[in-house]
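The next block holds one structure in the form of structure tokens; read it before the comments.
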There are 2 protein chains.
Amino acid sequence: MNKLIEKLKDNDCKVTLQRIAIYETLKDSNSHPNAETIHKELSPKYPTISLATVYKSLELFVSLGLIQAINVEENSFRYDWKYKSHPHLICSACKKVEDLEIHPFSNLSHEAEILTGYSIEKQQLNFYGSCPDCIETS
Amino acid sequence: MNKLIEKLKDNDCKVTLQRIAIYETLKDSNSHPNAETIHKELSPKYPTISLATVYKSLELFVSLGLIQAINVEENSFRYDWKYKSHPHLICSACKKVEDLEIHPFSNLSHEAEILTGYSIEKQQLNFYGSCPDCIETS
DNA sequence: ATCCGTGCAAATTATTTGCATATGG
DNA sequence: CCATATGCAAATAATTTGCACGGAT
């Protein structure tokens with residue numbers, strides 16, 4: 001949260017209750033929620049917060065490099081409070097999105113740069129399939 | 001195109017002029033177009049073709065495994081006539097989407113399966129950055 | 001005090017759906 | 001012929017925008 005406040009101040013953005021609440025909600029969630037889910041989670045505590053504010057704040061956080069947007073195969077974005085891009089595992093059965101923390105997939109961008117002449121800012125690696133729990137159930 | 005016709009027949013789907021035209025347009029394009037772009041390209045030749053038909057056909061092709069949908073960082077889908085998933089390079093400046101044909105990134109899914117216990121059906125690897133042309137211009 | 005952020009509602013954009021008609025097998 | 005595809009228009013879903021008011025610096 002200090003990180004949020006610092007980053008906001010550094011960029012002449014105001015530190016508001018809403019922004020803190022949105023960031024905290026995202027940070028405390030392990031489910032890579034989308035804007036609407038975040039809004040729903042906030043509603044009990046902050047009934048007046050608007051969905052538009054959630055969208056605007058998330059967009060701001062992404063542009064400040066505070067969080068990352070991940071584009072799962074729905075046509076809605078999910079958000080990850082970890083700003084550093086890392087692979088995700090997406091279960092097609094239960095729709096959960098997990099981080100793949102231990103990854104041997106870190107230096108792909110560098111290899112791609114050498115191969116292509118692109119200057120790569122970001123990589124996105126998603127694996128789609130069934131998680132162990134869903135395999136068992138089926 | 002033979003592939004399309006074969007696949008459609010195998011699945012008791014009708015071979016229509018529209019479907020052929022949509023598939024051909026996608027195949028002849030190197031730009032990984034979205035539904036609307038495909039529709040626009042078809043319009044001069046087939047003025048009556050509807051956008052809904054384009055959407056429906058693309059969805060059908062994806063479900064038959066004929067093409068793949070790729071989710072670039074807009075919230076609209078782009079389509080790739082190559083059904084086998086492979087890495088993409090996305091230029092943030094000119095918005096082009098290129099295939100990364102020669103890739104040392106092929107066995108990632110297998111590694112991920114071993115690491116996670118997931119059964120992985122598909123992987124998506126996108127690199128975002130600036131292409132050589134756009135680097136030069138800037 | 002000033003300007004930015006918020007909430008609301010309306011606008012936009014992308015996609016999906018229902019249904020009557022047309023057409024391929 | 002008959003079922004499936006198509007085209008149209010309306011519906012839905014996701015996101016963005018404009019603007020007046022309130023609050024942070």
Side-chain angles (χ1 to χ4, degrees), chain A residues 1 4-26 32-40 42-64 66-67 69-79 95, chain B residues 1 4-26 32-40 42-64 66-67 69-79 95:
Chain A
M1 195 170 84
L4 168 72
I5 294 174
E6 203 179 299
K7 198 83 170 188
L8 287 174
K9 285 188 175 164
D10 285 356
N11 290 276
D12 297 312
C13 297
K14 290 184 178 160
V15 178
T16 64
L17 182 65
Q18 289 87 336
R19 285 176 179 171
I20 293 170
I22 291 163
Y23 185 75
E24 283 289 286
T25 302
L26 182 55
H32 302 75
N34 59 19
E36 203 167 331
T37 305
I38 292 171
H39 181 245
K40 273 191 200 129
L42 285 166
S43 292
K45 231 174 164 178
Y46 307 96
T48 64
I49 209 164
S50 91
L51 185 55
T53 300
V54 175
Y55 274 106
K56 284 170 188 166
S57 302
L58 290 170
E59 200 190 321
L60 175 68
F61 298 164
V62 170
S63 74
L64 296 179
L66 268 167
I67 64 170
I70 58 179
N71 201 295
V72 178
E73 201 82 329
E74 318 155 342
N75 51 354
S76 87
F77 286 87
R78 303 260 203 133
Y79 293 89
K95 305 291 174 198
Chain B
M1 197 171 82
L4 168 71
I5 294 174
E6 203 179 300
K7 199 82 170 189
L8 288 174
K9 286 187 175 166
D10 285 356
N11 290 275
D12 298 311
C13 298
K14 289 182 178 164
V15 177
T16 64
L17 181 64
Q18 288 88 336
R19 286 176 179 171
I20 292 169
I22 291 164
Y23 185 75
E24 283 290 286
T25 302
L26 182 55
H32 302 74
N34 60 18
E36 203 167 331
T37 305
I38 292 171
H39 181 244
K40 273 191 200 128
L42 285 166
S43 291
K45 231 175 165 178
Y46 307 95
T48 64
I49 209 163
S50 90
L51 184 56
T53 299
V54 175
Y55 273 106
K56 285 171 188 167
S57 302
L58 291 170
E59 200 190 322
L60 174 68
F61 298 165
V62 169
S63 73
L64 296 179
L66 267 166
I67 65 171
I70 58 179
N71 201 293
V72 178
E73 203 83 330
E74 317 155 344
N75 51 353
S76 86
F77 285 88
R78 302 259 203 135
Y79 293 90
K95 305 291 173 197

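Throughout, a chain's letter reflects where its sequence line sits, starting with A, and its residues are numbered from 1. This is a predicted model, so every value here is computed, not measured.
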Whole angstrom value for the distance that separates P of C:dT6 from CD of A:Q18: 5 Å

Under-4.0 Å side-chain N/O to phosphate OP1/OP2 contact, B:R19 with D:dT6: yes

Rounded distance in Å - NZ (A:K56) to C1' (D:dA14): 15 Å

Atom-pair distance (OH on B:Y46; C1' on D:dT6), nearest Å: 15 Å

Between C1' of C:dC8 and OH of A:Y55, the distance in whole Å: 16 Å

Between C:dT15 (C1') and B:N34 (CG): distance, integer Å: 12 Å

Distance, nearest 0.5 Å, that separates OG1 of A:T37 from NE2 of A:H32: 13.0 Å

Minimum-distance nucleotide (side-chain atoms of A:S50 versus C:dG7, D:dT15, C:dG25): C:dG7

Spacing of B:L60 atom CG relative to D:dT6 atom P, expressed in whole Å: 9 Å

Proximity to the side chain of A:T48 - top-ranked nucleotide from D:dA5, C:dG7, D:dG23: C:dG7

Whole-Å distance separating the NZ atom of A:K9 from the P atom of C:dC4: 17 Å

Check: A:H39 side chain, A:I49 main-chain N or O, donor-acceptor pair, under 3.5 Å: yes

d(CD1, A:I49; P, C:dG7) in whole Å: 5 Å

Selection from D:dT25, D:dT15, C:dC8 that lies nearest to any side-chain heavy atom of A:F77: D:dT15

Distance, nearest 0.5 Å, that separates CG of B:N11 from OG of B:S63: 8.0 Å

Nucleotide of D:dA14, C:dG25, D:dG23 approaching A:E36 most closely (side-chain heavy atoms): D:dA14

Below 4.0 Å: OP1/OP2 of D:dA5 and any side-chain N or O of B:T16: no

Residue pair B:F61, B:R19: steps toward the side-chain contact (heavy atoms from CB on, under 4.5 Å) verdict: CA-CA 9 Å; B:F61 298 165; B:R19 286 176 179 171; 4.0 Å; yes

A:E24 atom CD: more than 12 heavy-atom contacts under 6.0 Å: yes

